Each structure stands twice: as structure tokens, then as C-alpha cells.
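Only a predicted model underlies this, so the values are computations on that prediction, with no experimental measurement involved.
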Amino acid sequence: MESLLLVSDEPVTAEDLARVLSAVSGSTPDDPELISVEAVRAELQTIADEFTQRGSGFELREQDDAWRLFTRRANSDVVEAKLLDGTQQRLSRAALETLAVIAYRQPCTRAQVASVRGVNCDGVIRTLNLRGLIAEVGETGGAHLYSTTELFLEQLGLDSLKQLPELAPLLPNIEDIDD
């Protein structure tokens with residue numbers, strides 16, 4: 001299971017792991033030797049606990065019924081320094097403001113973001129999209145809708161948008177902006 005988690009680009013469910021492990025073992029759905037999802041979940045939790053107990057440099061976390069290996073949060077400064085090694089590109093104030101508006105009011109259009117910020121934000125949205133922090137998630141009235149991505153959450157060390165600080169009441173409602 002550790003090897004499968006290590007090579008997975010995306011979080012993997014216990015169901016997927018059970019299916020793969022059962023197939024490799026030659027089990028069939030009618031076979032009593034089929035590896036159960038419950039057994040896989042229990043083993044995943046055992047692995048996660050073991051990593052924590054021994055102070056491993058990485059941790060196994062569950063999010064939305066899927067599991068993924070991460071570097072340990074306590075080591076983030078060191079890992080970030082190694083990965084960036086002088087090549088860090090900070091977001092401009094305009095990009096941070098735009099990202100905040102999208103994060104709290106998603107999905108929203110460029111015009112809605114520009115109304116909150118009071119300036120044109122086309123270039124900033126293009127940059128955030130290229131960096132993978134936001135993505136087009138649909139259309140409304142011919143305008144693209146934007147939302148934050150999983151990379152955005154990972155960069156902030158969040159599991160979900162619900163963990164964002166309570167700032168939304170300070171922003172105008174989208175309905176008011178449209179008027």
C-alpha cells in the first residue's frame with residue numbers, strides 16, 4: 001500500500017487500493033480471499049499512526065475518503081526552502097487580492113472580481129490560472145466562472161475551503177455587485 005500511495009499523483013481511495021491489491025493477489029469478487037475495503041482502511045490508519053509515532057518526515061492524511069502522502073507540516077519550511085531554492089515567485093498584492101475574492105466568493109466572474117477590487121483584473125486572473133491556483137469551472141451569461149483549485153488548498157495547507165478564516169462578511173454580496 002505504501003508503494004501505491006507513493007506513486008499516486010492524486011489521493012487514492014481505500015476502495016481503489018482494495019481493488020488493485022485483490023487483482024494482484026489473483027482474487028475474484030466471489031473469492032473469500034478478496035481484500036476488504038475495511039481491512040485496507042484499517043491498514044491505512046495503521047500506516048498513518050506509524051508514521052506519526054516514529055516522527056517520519058512525511059504523513060499519510062485522509063481527505064474526502066481518499067488518502068495521500070504529504071510531507072510533514074512541521075517540516076514545511078525546510079521542504080519549501082529546498083524546492084524553491086531562491087526561485088520563489090511571490091504573488092503580487094493584486095494577485096493576492098484577486099485570489100482572496102475568488103476564494104471567498106467562488107464561483108465568480110472576472111467582472112465580479114473587478115467590481116470588488118475596483119480595477120481590471122484580466123491579467124491577474126490569467127496569471128493565477130497559469131499558476132494553477134484558480135480554474136475555469138463553467139460559464140454564466142457568456143462569462144467564465146472561476147474557482148480555486150486543489151493546488152490553492154495545498155499551498156495554504158488547508159483540507160477544505162471551510163478552513164479559510166471568516167472574512168466573507170466583509171466583502172459585498174455577489175448579488176449586490178451584479179446590480
Side-chain angles (χ1 to χ4, degrees), residues 4-17 19 44 48 57-179:
L4 292 172
L5 290 164
L6 186 63
V7 299
S8 295
D9 290 338
E10 296 181 359
V12 62
T13 65
E15 290 81 5
D16 288 341
L17 288 171
R19 183 181 39 77
L44 286 166
F58 52 94
E59 59 188 354
L60 180 58
R61 285 190 246 155
E62 181 183 16
Q63 176 185 349
D64 298 328
D65 293 326
W67 295 78
R68 186 174 198 173
L69 288 173
F70 290 89
T71 55
R72 189 156 305 280
R73 286 181 177 144
N75 300 338
S76 64
D77 291 343
V78 174
V79 172
E80 182 179 3
K82 168 63 177 145
L83 289 176
L84 299 177
D85 199 23
T87 62
Q88 183 175 7
Q89 293 181 344
R90 297 196 181 272
L91 292 175
S92 66
R93 180 180 173 140
L96 289 172
E97 290 173 3
T98 301
L99 194 54
V101 172
I102 293 171
Y104 283 100
R105 295 296 184 189
Q106 60 187 304
C108 57
T109 65
R110 288 176 194 246
Q112 291 167 334
V113 174
S115 292
V116 172
R117 291 196 58 236
V119 296
N120 183 312
C121 57
D122 291 351
V124 175
I125 286 181
R126 194 170 22 261
T127 299
L128 292 172
N129 197 9
L130 287 172
R131 287 192 179 183
L133 296 171
I134 63 170
E136 292 179 15
V137 294
E139 284 189 19
T140 181
H144 295 288
L145 288 169
Y146 294 92
S147 289
T148 56
T149 63
E150 287 296 317
L151 178 61
F152 167 78
L153 292 174
E154 286 180 25
Q155 293 291 319
L156 291 180
L158 303 175
D159 293 325
S160 76
L161 291 170
K162 292 177 183 172
Q163 293 178 309
L164 284 171
E166 288 294 325
L167 296 176
L170 301 176
L171 297 172
N173 288 324
I174 292 294
E175 296 77 23
D176 296 338
I177 293 170
D178 289 336
D179 294 340

query: Is a side-chain N or O of T98 found less than 3.5 angstrom from the main chain of I125, in a donor-acceptor match?
result: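 Checked: no pair found.
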So, for [X] and [Y], which heavy atoms are closest and what is the spacing to 0.1 Å?
X	Y	value
R73	G157	NH2-O, 3.9 Å
R61	D159	NH1-OD1, 3.9 Å
V124	A95	CG1-CA, 3.4 Å
L145	T140	CD2-CG2, 3.6 Å
L133	F152	O-CB, 3.5 Å
Q106	A103	NE2-O, 3.0 Å

Could you measure the distance from the [atom1] atom of [X] to the [atom2] atom of [Y]? Nearest 0.5 Å is fine.
X	Y	atom1	atom2	value
L96	L91	CG	CG	5.0 Å
L60	L44	CG	CG	6.0 Å
D64	T13	CG	OG1	12.0 Å
Q155	T148	CD	OG1	12.5 Å
I102	Y146	CD1	OH	8.0 Å
L128	R131	CG	CZ	7.5 Å

query: Any Lys/Arg nitrogen of R93 or E97 sitting under 4.0 Å from an Asp/Glu carboxylate oxygen of the other?
result: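 A salt bridge links R93 with E97.
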message: Looking at R68 and E154, is there a salt bridge between them, counting it only when a charged N and a carboxylate O are closer than 4.0 Å?
response: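 Salt bridge flag = yes for R68 with E154.
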Should [X] and [Y] count as side-chain neighbours, where that means a heavy-atom distance under 4.5 Å?
X	Y	value
V116	R105	no
R72	F58	no
N75	T71	no
L164	L161	yes

task: Step through the shown structure and confirm whether more than 12 heavy atoms of other residues, nucleotides or ligands are within 6.0 Å of CD on Q163.
output: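 Yes, CD of Q163 has more than 12 neighbouring heavy atoms, counting only those of other groups under 6.0 Å.
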